[in-house]
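The next block holds one structure in the form of structure tokens; read it before the comments.
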Amino acid sequence: MHEIITLQFGHYSNFVGTHFWNTQEAHFNYQQLGEEEEQAPELVNHDCLYRVGQTSKGIDTYTPRALIFDLKGGFGSIKKYKLYESEPPQDQYQSHCDLSWDPSKMETFRAEEYSPSAYQKHLEEEEIGTADVEGEDDVQMNGIRTWSDYNRVYFHPKSMVTASGYQLNSEFMPFDVFSYGRNAFLETEKEKDSYDENFRLFTEECDQLQGFQVLADVLDGWGGFTTSYLEQLREDYPKTTVVTYGLSDDKMGKNTTLREKQTTLVNEALSMSNLTRLSSLYVPVKAPTRQSLVANGWSKNIRLDPSNRYHTSAFISAGIDSVLLPCRLRYGATFMSDLVGSLNWRNITNIGALSVGLPFPFGGKSLPQLVGKQSPLFDLSTRKTDIDDQVFSQSVVLRGLETKQFTKYAEGTQRTPREVVDELLDTLPVGKSLGDTRTQTAFRYPIPTSFPRFFQSLTVEGYQTVDQYAPNRRDDGTSKVDSVPTIVRLAVSTSTRWHLEQLSDSVKRIDWRLLPQFDGMPGGVNSEEFAEMKENLLDLYDIYNE
């Protein structure tokens, strides 16, 4: 079935992952058909990302092939056991065991429960038929605190793993050092044996595993945790394709004092060095910032708040969902190994750069330019381009538009609609290899009600409009859309050298003796490993500085 297993490490990764899975859920067609209606053909193979199972009561389920790691307190109000057990394991234990002590003399201490968001409450009310508002789109989404507040998906209980020893947002014992993550992995495996108990559950049921999709926070302890996890994974799957997205934003890692800034830099450098080594393709992804949005220009059809994780993670998830879409299509699919192989055809350039255009501006008088300051493609990886940058290879996906929709741009010319699309994509730099791939599909990027309401001046289908009184316009000026055309580009190019050069220059000025928190524990990083990491970054820089 060409399965893909997703691994999520860290709180921000779970923000991104929640949008990703909500979007997958929106891909399903639940519409009831009439007697004379025919089911529309499915354009995507859901079995790649989803597994079939049964609850303890014999109810069939369809749940994501995913493992989700977070700290204690990071899962919020998510109902881990709702589909599978009538009560949590500890309650079952108490109800079936004869306690030898007097229950009246017992004193129970419980952590304060995380209250569900307004959106979660509405979903539950809809499920039992007591919802009293017009629809999900009317529910306020301003109070999003964590990723479970807008989660729409039921996961298998084995999908959820809490890392041992650390609490989310703890001031007493923060999870902010690469070495803490490696140590937490050792403790988690000692306590829960999650690799054998959880990971193998998903891998051993696969018939034809394509590979692993990894989302990982890289500016704190999760970089170390992910490194240790992938080292163990590689012992069992040394040649299987692993695509890792190293995620970061301004709220990850502390940057107040000089020591905190240096710690964050070393975390990023150690993550880059190790995850590049362990991945078939490593893609650094930085959340959009206000400064980067201004510097790169921005589409008039989106009002993204760069200080809001709920917003930035949605934008990133659109890119991650679309970039591997060719591997999940029902017809004419590309295997992950082939896609990654075409990108890293030199076998030494396995760091990619992700650019996202959400929405792709379509419907105006002219088509957009894909290069330059007005390009809808926003670079999430390198943040710096140069006319001398050389592209080794690239994969471009344009989704949500059929070729015939470009007919109006071909009128009055000698071109066909197909030639219009080709000329549009030809404006992108051409790779040095013959492995450049292009995918155009009518399979749209759906917008579930859990998605941020930041689109404006769009039709319900996501096309540009100048109608200020459109029926899908909300009171706040945003547009209610069902889907949007999207363009993404995953490239391997010399633009990566800017990131490597900046990181390498910053790290080489750090005195390792002033950062003792990285050493002195199981999983610690010593001075020799620090020196090796600096050498690895320089070697990578030389590869991309051609």
Side-chain angles (χ1 to χ4, degrees), residues 9-13 71 163 165-184 216-228 246-276 282 284-295 306-309 312 380-384 496-541:
F9 299 97
H11 202 59
Y12 188 59
S13 292
L71 302 181
Y166 292 88
Q167 179 84 27
L168 184 69
N169 298 326
S170 171
E171 293 293 333
F172 174 71
M173 188 180 287
F175 193 60
D176 59 353
V177 178
F178 182 92
S179 304
Y180 296 173
R182 295 212 295 201
N183 181 256
D217 297 359
V218 294
L219 299 189
D220 53 18
W222 285 109
F225 193 103
T226 308
T227 294
S228 295
L247 305 178
S248 60
D249 74 340
D250 285 345
K251 296 183 180 181
M252 194 185 304
K254 296 182 178 180
N255 293 287
T256 304
T257 66
L258 176 60
R259 179 171 173 172
E260 289 173 347
K261 292 178 181 179
Q262 291 181 336
T263 298
T264 299
L265 280 170
V266 174
N267 288 337
E268 182 180 7
L270 287 168
S271 297
M272 169 76 81
S273 176
N274 285 282
L275 296 180
T276 300
Y282 178 73
V285 176
K286 303 177 182 180
T289 63
R290 196 170 305 278
Q291 182 179 5
S292 64
L293 293 178
V294 172
S307 65
N308 191 333
R309 280 187 157 185
T312 59
L380 289 168
S381 297
T382 64
R383 298 288 168 79
K384 188 170 184 180
T496 298
R497 73 184 185 272
W498 298 109
H499 185 192
L500 291 168
E501 181 180 33
Q502 182 183 42
L503 190 58
S504 180
D505 287 346
S506 299
V507 171
K508 71 182 181 182
R509 293 194 293 266
I510 294 176
D511 187 344
W512 182 249
R513 295 169 297 179
L514 300 179
L515 298 176
Q517 66 269 35
F518 282 90
D519 205 353
M521 69 178 74
V525 178
N526 55 35
S527 58
E528 289 77 13
E529 186 174 350
F530 178 69
E532 182 180 352
M533 174 268 291
K534 291 193 291 184
E535 289 296 325
N536 287 341
L537 291 180
L538 289 174
D539 290 341
L540 288 170
Y541 172 75

Do Tyr166 and Asp176 have side chains that get closer than 4.5 Å, going by heavy atoms? no
Show the nearest heavy-atom pair for residues Gly223 and Ser271, with the distance to one decimal. CA-OG, 3.4 Å
Scanning both residues in full, the closest heavy-atom pair of Asn267 with Leu219 reads ND2-O, 3.0 Å
Side chains of Leu515 and Phe530: closer than 4.5 Å at any heavy-atom pair? no
Is atom CG of Asn308 surrounded by more than 12 heavy atoms (other residues, nucleotides or ligands) closer than 6.0 Å? yes
Taken to the nearest 0.5 Å, the spacing of Asp217 CG from Phe175 CZ works out to 9.5 Å
Side-chain (Arg509) to main-chain (Asp505) donor-acceptor, under 3.5 angstrom: yes
Contact check, side chains of Leu380 and Pro288, non-hydrogen atoms, under 4.5 Å: yes
Do Leu71 and Trp222 make a side-chain contact, defined as non-hydrogen atoms from C-beta onward lying under 4.5 Å apart? yes
Within a radius of less than 6.0 Å around CD of Glu501, do more than 12 heavy atoms belonging to other residues, nucleotides or ligands occur? yes
Mind checking whether Val507 and Met533 have side chains closer than 4.5 Å, heavy atoms only? yes
Value for OG (Ser381) from NE2 (His499), rounded to nearest 0.5 Å, stands at 9.0 Å
Nearest heavy-atom approach of Gly524 to Glu529 is O-OE1, 4.1 Å
Contact check, side chains of Trp512 and Val266, non-hydrogen atoms, under 4.5 Å: yes
Quick one, Glu268 and Met252 - any side-chain contact, counting heavy atoms below 4.5 Å? no
Nearest heavy atoms of Leu537 and Ala269, plus distance in Å: CD1-CB, 3.9 Å
Can we say Lys251 and Asp249 salt-bridge, meaning some charged N sits less than 4.0 Å from an Asp/Glu carboxylate O? no
Atom pair CG/OG of Leu540 and Ser504 - distance to nearest 0.5 Å: 9.5 Å
Rounded to the nearest 0.5 angstrom, the CG-NE2 distance for Leu247 and His11 is 13.5 Å
Looking only at heavy atoms, the pair that brings Gln517 and Leu514 closest together is OE1-O, 4.4 Å
Quick one: list whatever passes side-chain hydrogen bond (donor to acceptor under 3.5 Å, both in side chains) with Asn183, sequence neighbours left out. none
Taking side-chain hydrogen bond (donor to acceptor under 3.5 Å, both in side chains) as the definition, give me every residue that meets it alongside Ser273, ordered by chain and number, with sequence neighbours left out. Asn536
With a 4.5 Å cut-off on side-chain heavy atoms, are Tyr282 and Val218 touching? yes
Heavy-atom nearest pair, Leu503 first then Leu265, reads CD1-O, 4.0 Å
Look up atom CZ in Phe518 and atom OG in Ser527, then write down how far apart they are to the nearest 0.5 Å. 13.5 Å
Run the side-chain hydrogen bond (donor to acceptor under 3.5 Å, both in side chains) test against Ser307 and tell me which residues pass, sequence neighbours left out. Asp305
